[in-house]
Every structure is written in C-alpha cells, then in structure tokens.
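Notes follow the structure.
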Number of protein chains: 2
Amino acid sequence: MSSTPSCNPGFSCGLDATLRVIAGKWKPLIIYFLIQGPNRYGELKRAVRGVSDKMLIQQLKELDSDGIVTRHDYQEVPPRVDYTLTPLGHSLAEALTPLCNWGSDNMAEVARIFAERESWSAGAPGPRPS
Amino acid sequence: MSSTPSCNPGFSCGLDATLRVIAGKWKPLIIYFLIQGPNRYGELKRAVRGVSDKMLIQQLKELDSDGIVTRHDYQEVPPRVDYTLTPLGHSLAEALTPLCNWGSDNMAEVARIFAERESWSAGAPGPRPS
DNA sequence: CTGCATCCCCTCAGATACTG
DNA sequence: CAGTATCTGAGGGGATGCAG
C-alpha cells in the first residue's frame, strides 16, 4: 500500500531519490529553462549553451521516460517538436528555484573562488597552501 | 539584487554557478548531511552509503577549497576530524532542502518509475507503461 | 594516500529527411 | 542552399573503485 515508508528500497533519503532523476550535467538546467518558457528543441538548445545535440536529445529522452517532461511531435514538415513539464516535472523545477537563487546571490563569491583556483596554477602569490 | 550582476563571466545563470559547486555524485548528499547534524568523518561515511573513502575524502577536500566546509583536525590519537559548514555552505545546504523534500514527497513515484525501468529486463507483467 | 585499471559521460563530427 | 530535429559512431577525459 502507499504507506510511504521512511526509507524506501534504494534511496537513503529524499535527496538521494531526487539526485537519481536530475543526475547529469544538463538535466537541472534543462528542467529549469523549461519552466521559464522556451520549449521548442531549438529554443532549448540556445538556452542551454554549450550542450551538443546528442546530449540534449539524450537527456530529454531520459527525462521523458522518467515522467518529468512530455515530448510533443507535431509531425510537421519543418520538424516541430516541443517539450513540456509534467506536473511532476513542474514541481521539481520549483524545487530547483532556491538553488538558482543561491547561485545568483553568491555568484560573485563563487566566481572569485573559481578564479583563484585557476590563478594559483598560473603562479599566484597566494600565502594559501595549507 | 541591486548589485547582483545579471550574467557574470562563465555562468549563464545562477543555477549554472551552483552546479559547478555541487557537481559530482556525492557533494549534494554530503552537504545535506552536514547540516543535519554532527559530522565526524566516520559519521559522514555511514550517512552517505556507498561512498568510498577515497571519494569522500576527495569531495570533502574540494568542498573545503570551495569554501563550503571547514575541516578541523584535532590531531589526536585516535584520529579525530570533523567537518562543518561555512556560512556559505550553510546557505547552500538550505537551498538543497526543497530538493530533498521533493524527493521525499515523490519517492513512491520515483521508485515506481525506476522499478518499471528495471523490470523491462526481467519481463514484468506490467499493465503497459506507455 | 598513491597508482593503476575501468567505466561511463560527454563532446566532436558527420549523416538523414523534407521544405522553401 | 539554408533551417529544423534527430541519430550514429568514434574518442577523450574525468569519475570511480581496488589494490599496494
């Protein structure tokens, strides 16, 4: 029955379950862009810059079979396909929001950290080994 | 917000920035367990099931150099080391909460989906997934 | 903790089908 | 030819885990 056990087979906790769904380099981005508007393949590809066709298609396919998005093929001549979030996917996208905000809020900080890390390889005078 | 740069060098959006920090198979779990309580190395290892020593140490080290956690070595015998979240790490952990909740809320759903996907190889008499 | 063997993820480059 | 969506194969590199 649906007694929602505290710790189900396979998942050590809720976060664990979530991670299985959004695992991968692009899925979080894809999901998050999907809720913001663009849903045609081309739009998505432009939004998630740096992703290759293969990856985009692949991830989209996985998200589809995971019940996060729905693929709609208009079967038209200039190919037209769009992807929309399912209710489940929509709620997931919303759960992603705080992460996005965190990144926005701390972007300067994060950028600085990464910049430093790159610079020490270039010979930074950092009194900072450990 | 007033001083929040729209799109900084390298990051296409906030989510992108965040993902660079929590990239990896274990980091989100580690961070989230860290906020839930105490965390000696051993505790952590028990919490994040399936992780190897090498990976745990490695990820912890990265999180440390990313300013997310702080490593404290008591230099005792028996070795005692603990890791605590920095303010930055703490806020990140909080941003992770909705994701954890999402997983908990939809664990049954997710488990079902994954179960079905695995069953195709076992020949389940399922009433057709579609 | 370091080295080594492995595996999967991801990127690159090229191909297909159809229209204006 | 240009544009859209998708697929295929090859290959590198990073991530992961085991043993010394």
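Every chain is numbered from 1 and lettered A, B, ... according to where its sequence line falls, protein lines coming before strand lines.
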query = What pairs with A:S65 under side-chain hydrogen bond (donor to acceptor under 3.5 Å, both in side chains), at least two apart in sequence or on another chain?
reply = B:R117

Pairing residues for A:K25 by the side chain to side chain contact (heavy atoms under 4.5 Å, CB included) criterion, not counting sequence neighbours = none

message = At 4.0 Å (heavy atoms only), tell me whether A:E43 reaches a base, stays on the sugar-phosphate, or touches nothing.
response = nothing

With B:E109 via side chain to side chain contact (heavy atoms under 4.5 Å, CB included) - residues at least two apart = A:L88, B:N106, B:R112, B:I113

Sequence neighbours excluded and cut-off under 3.5 Å, please list the side-chain donor-acceptor pairs for residues 34-45 of chain A, or say none.
from	atom 1	to	atom 2	distance (Å)
A:Y41	OH	A:D53	OD1	2.7
A:E43	OE1	A:R46	NH2	3.2
A:K45	NZ	A:D53	OD1	3.2

request  = Please identify each residue that fulfils side chain to side chain contact (heavy atoms under 4.5 Å, CB included) with B:V48, with sequence neighbours left out.
outcome  = B:W26, B:L29, B:I30, B:F33, B:V51

remark   = Between its two end axes (five pairs each) the helix from C:dC1-D:dG20 to C:dG20-D:dC1 turns, nearest 10 degrees, through 10°

task = Would you indicate, yes or no, if C:dC12 has its OP1 or OP2 atom less than 4.0 angstrom from a side-chain nitrogen or oxygen of A:S52?
result = no

Which protein N or O atoms sit under 3.5 Å from an N or O of nucleotides 1-9 of chain C?
from	atom 1	to	atom 2	distance (Å)
C:dG3	O6	B:K54	NZ	3.0

query = What pairs with B:E94 under side-chain hydrogen bond (donor to acceptor under 3.5 Å, both in side chains), at least two apart in sequence or on another chain?
reply = none

Between the protein and nucleotides 15-20 of chain C, list every N/O to N/O distance that falls short of 3.5 Å.
none

task = Tell me, please, which residues at least two apart from B:D105 pass side-chain hydrogen bond (donor to acceptor under 3.5 Å, both in side chains).
result = none

query = Is there any ring pair (Phe, Tyr, Trp, His ring centres under 6.0 Å) pair reaching into residues 67-88 of chain B, and which pairs are they, with sequence neighbours excluded?
reply = B:H72-B:Y74

key: With sequence neighbours excluded, residues passing side chain to side chain contact (heavy atoms under 4.5 Å, CB included) with A:P79   = none

